[in-house]
Amino acid sequence: MVVLQLRHFLYLAALLSSTFTFLFLYFQNSKLVFTYNFYSFVSERSQCACSICVADRGNSNWFSKRYQPNIPLLLNRTNSVLSAKVSRWWNGLQSNAGNYTEVVDQLFSLFPDKEHYSDAGPDRCRTCAVVGNSGNLLGSHYGPLIDQYDFVMRINKGPTEGYEKDVGSKTTHRILYPESAMDLGNSTHLVLLPFKILDLQWLISAFTTKHITETYIKVPSTIRAKKDKVMIFHPEFLRYVYDNWAEGHGLYPSTGFLTLIFALHVCDEVNVFGFGATSDGKWHHYFDETLTSYELGVHSGKFENETVNRLQQQNKILIHKGWT
Ligand SMILES: *[C@@H]1O[C@H](CO)[C@@H](O)[C@H](O)[C@H]1NC(C)=O
Ligand SMILES: *[C@@H]1O[C@H](CO)[C@@H](O)[C@H](O)[C@H]1NC(C)=O
Ligand SMILES: *[C@@H]1O[C@H](CO)[C@@H](O)[C@H](O)[C@H]1NC(C)=O
Ligand SMILES: *[C@@H]1O[C@H](CO)[C@@H](O)[C@H](O)[C@H]1NC(C)=O
């Protein structure tokens with residue numbers, strides 16, 4: 001009953017707001033105003049040109065409560081100032097070294113400092129695949145399917161070479177940090193996941209002096225990647241995922257989970273591959289025997305797993321379960 005009443009209320013609210021819009025039109029009698037209001041009216045009903053749009057509201061309270069469409073996703077010079085709350089949390093993850101302001105200054109004299117993905121709208125249907133590293137990909141034959149999507153996001157060292165049949169060969173984005181870095185192809189965005197200021201310094205070093213060879217372990221001093229395709233997750237985005245989607249479980253969210261939430265913000269349709277265990281309950285990579293993030297202590301694999309399942313139940317993502 002409560003749900004029903006809420007629906008009625010939302011429906012009424014929608015009716016009322018559209019009435020206002022048209023009254024407004026009537027009195028303004030201006031083409032510019034018409035276009036503006038008509039656009040916002042339509043975009044409240046459907047955010048994109050796919051049959052189901054991730055960003056559509058009203059179809060899931062659970063989702064709407066967590067999803068903040070205006071959160072900064074990628075760092076740039078203009079949005080780089082961190083709130084006290086984000087700064088405290090982010091600094092807590094690292095043994096601090098370096099002056100953030102200075103590092104940001106260097107970053108954006110080297111890498112693109114522009115807005116990405118602000119092209120969402122009723123005419124866009126951007127389809128994405130988020131490809132995790134689970135052993136459940138082995139034998140799946142998902143390769144051709146994965147390669148069909150507009151964006152294919154891969155995580156850390158998950159290789160394509162030798163695994164094309166199951167994981168595809170296209171990579172538009174690879175999310176990594178110094179300790180998980182690998183060389184990238186010419187059409188792949190390097191998306192840095194900065195856990196610490198040193199990671200930002202490493203990125204600069206890798207494209208210039210190449211002097212940083214060690215963080216808490218040995219890391220590559222350089223990386224083959226296109227400088228003009230570099231992107232950096234915003235620390236505020238990391239905190240947002242931790243607060244809203246991981247709900248404070250674990251120390252910080254896993255790379256796979258962060259990538260999935262990133263996809264919810266830049267894609268209209270999100271397909272998920274290579275998440276979860278194999279059918280016999282094993283949590284290892286498809287390319288080696290290393291355990292996937294589930295059992296690593298700093299993440300809350302169980303809670304992330306529940307959230308991912310919930311996203312599927314609410315029609316926000318489509319999970320492809322794999323084979324083995
Ligand atoms: C960081 O660098 C900026 C610019 O050089 C300077 O104004 C600021 O005081 C420095 N901050 C710290 C904490 O050293
Ligand atoms: C920086 O990112 C913000 C969103 O976080 C965006 O509004 C702004 O336009 C971006 N700056 C530039 C120069 O593109
Ligand atoms: C990438 O581009 C460089 C030149 O910019 C070229 O030499 C290289 O062969 C390209 N690599 C691939 C894998 O296409
Ligand atoms: C993850 O969620 C699925 C679906 O609810 C469940 O079958 C599976 O046991 C969960 N995995 C773990 C390790 O919690």
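For this chain, numbers begin at 1 and follow the sequence in order. FYI, side chains are in, hydrogens and waters are out, and symmetry mates aren't considered; it's all heavy atoms of this structure. Just so we're clear, the structure is a prediction, and the values are computed from it rather than from any experiment. Order of listing sets the numbers, starting from 1, for every ligand and every atom in it.
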Salt-bridge contact Lys218-Glu179 (side-chain N to carboxylate O under 4.0 Å):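 Between Glu179 and Lys218 there is no salt bridge, as every charged N stays at least 4.0 Å from the carboxylate O atoms.
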
- request: Flag the pair Phe63 / Leu264 as yes when at least one side-chain heavy-atom distance between them is below 4.5 Å, and no otherwise.
  value: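 Sidechains of Leu264 and Phe63: in contact.
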
- prompt: Between Asn99 and ligand 1, is there a nitrogen or oxygen pair with a distance under 3.5 Å?
  reply: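 Yes: some nitrogen or oxygen of Asn99 is under 3.5 Å from one in ligand 1.
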
field: Cation-pi check, Lys227 onto Phe207 ring (under 6.0 Å, within 45° of axis)
entry: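 Not flagged: Lys227 not positioned over aromatic ring of Phe207.
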
Look at [atom] and say which protein heavy atom is nearest, naming residue and atom and giving the distance to 0.1 Å.
atom: atom 5 (O) of ligand 1; answer: Glu102 OE2, 2.8 Å
atom: atom 1 (C) of ligand 2; answer: Asn76 ND2, 1.5 Å
atom: atom 4 (C) of ligand 2; answer: Asn79 ND2, 3.8 Å
atom: atom 7 (O) of ligand 2; answer: Glu115 OE1, 4.0 Å

Any side-chain donor near an acceptor of the partner, [X] and [Y], under 3.5 Å:
X: Gln68; Y: Asn244; value: yes
X: Trp89; Y: Tyr242; value: no
X: Arg174; Y: Thr188; value: no

- prompt: Numbering the atoms of ligand 2 from 1, which are under 4.0 Å from a heavy atom of Pro72?
  reply: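 In order of numbering, the contacting atoms are 5 (O).
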
query: In terms of atom number and element, which parts of ligand 2 are under 4.0 angstrom from non-hydrogen atoms of Lys114?
result: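 So the atoms of ligand 2 that pass are 14 (O).
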
task: Would you confirm whether any non-hydrogen atom of the protein falls under 4.0 Å from atom 11 (N) of ligand 1?
output: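 Answer yes: something from the protein, a heavy atom, is under 4.0 Å.
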
query: SG-SG distance between Cys267 and Cys128 under 2.5 Å?
result: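 With an SG-SG separation under 2.5 Å, Cys267 and Cys128 do form a disulfide.
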
- prompt: Quick check: does Asp113 get an N/O under 3.5 Å from an N/O on ligand 2?
  reply: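 Not met; the criterion fails.
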
